[in-house]
Colleague: 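After the structure tokens below, expect a handful of questions from me.
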Amino acid sequence: MGTLTYDSKLAVSFDDRILAHLQVVIWSKLRRGEHFSFSWQEPSRSGFGRTSVWISPSIPLTFEYFGGRQPRLNAQWVQILTKSANSPGGLILTTEPPEKDTQSP
């Protein structure tokens, strides 16, 4: 489990694989100077249902990974998350879709 720290005040645990996909999408938006919301469902054991934050280039974010190796990215999931981030509702964390078999003839 990795950690996304938002504005040095909110630390959220995500699986390293999820965190790697979020990092690609979030950094892509921030490189362009874009602001957007980011929302995710909380596990029921946390006592919260859903969390949303405002992502802006001026708010510090830290991505910390538990594992030492970069997870292989699912291009389809990156595309889905990017489309969500570009929508009026902002980035909403969704479950990873199965990867398409790129080796088929």
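Side chains included, hydrogens not; waters and symmetry mates left out as well; all remaining heavy atoms used.
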Colleague: Looking at T3 and A11, would you say the former's side chain and the latter's main chain have a donor-acceptor pair under 3.5 Å?
Modeller: no
Colleague: Looking at every heavy atom in both E34 and L30, which two are closest together, and how far apart are they?
Modeller: O-CD2, 3.8 Å
Colleague: If you look at every heavy atom in H21 and N74, which pair is closest and at what distance?
Modeller: NE2-N, 2.8 Å
Colleague: Parallel, tilted or perpendicular for W27 and F63, by the 30°/60° rule?
Modeller: perpendicular
Colleague: Would you say Y65 ends up clustered with L10 if hydrophobic residues are merged whenever their side chains have heavy atoms under 4.5 Å apart, either directly or through other cluster members?
Modeller: yes
Colleague: Are I18 and F66 linked, directly or through intermediate hydrophobic residues, by side-chain heavy-atom contacts shorter than 4.5 Å (ILVMFWY only)?
Modeller: no
Colleague: At what distance, to the nearest 0.5 angstrom, does OG1 of T94 lie from CD of Q41?
Modeller: 11.5 Å
Colleague: Distance check, rounded to the nearest 0.5 Å: L22 atom CG versus R17 atom CZ?
Modeller: 12.0 Å
Colleague: Below 4.5 Å, heavy atoms only, C-beta onward: do N86 and K29 meet side chain to side chain?
Modeller: yes
Colleague: Is any side-chain heavy atom of D16 closer than 4.5 Å to one of R69?
Modeller: no
Colleague: Roughly how far apart are L91 CG and I80 CD1, rounded to 0.5 Å?
Modeller: 12.0 Å
Colleague: Step through the shown structure and confirm whether more than 12 heavy atoms of other residues, nucleotides or ligands are within 6.0 Å of CD on E64.
Modeller: yes
Colleague: Using the rule given for side chain to side chain contact (heavy atoms under 4.5 Å, CB included), can you reason through V25 versus W77, listing the C-alpha separation, both sets of side-chain angles and the distance that settles it, and then say yes or no?
Modeller: CA-CA 10 Å; V25 173; W77 197 16; over 6 Å; no
Colleague: Please check this pair: side chain of T82 against backbone of V78, looking for a donor-acceptor N/O pair closer than 3.5 Å.
Modeller: yes
Colleague: Assess the residue pair W40 and V53 against the criterion (side chain to side chain contact (heavy atoms under 4.5 Å, CB included)); give the C-alpha distance rounded to whole Å, side-chain angles, the decisive distance to 0.1 Å, and a yes or no.
Modeller: CA-CA 9 Å; W40 64 92; V53 294; 4.0 Å; yes
Colleague: Can you pull the salt bridge (Lys or Arg N to Asp or Glu O under 4.0 Å) pairs that have at least one residue in residues 2-14, sequence neighbours excluded?
Modeller: D7-K9
Colleague: Can you name the closest pair of heavy atoms from L73 and Q70 and give their distance?
Modeller: CD2-NE2, 4.1 Å
Colleague: Tell me, do F38 and L4 make a side-chain contact under 4.5 Å, heavy atoms counted?
Modeller: yes
Colleague: Whether the side chain of S84 engages the backbone of G90 through a donor-acceptor N/O pair (distance < 3.5 Å, no angle test) should be reported.
Modeller: yes
Colleague: Return the OH to OG1 distance between Y6 and T51, rounded to the nearest 0.5 Å.
Modeller: 12.0 Å
Colleague: Where do I92 and L81 come nearest, in terms of heavy atoms and distance?
Modeller: O-CD2, 3.8 Å
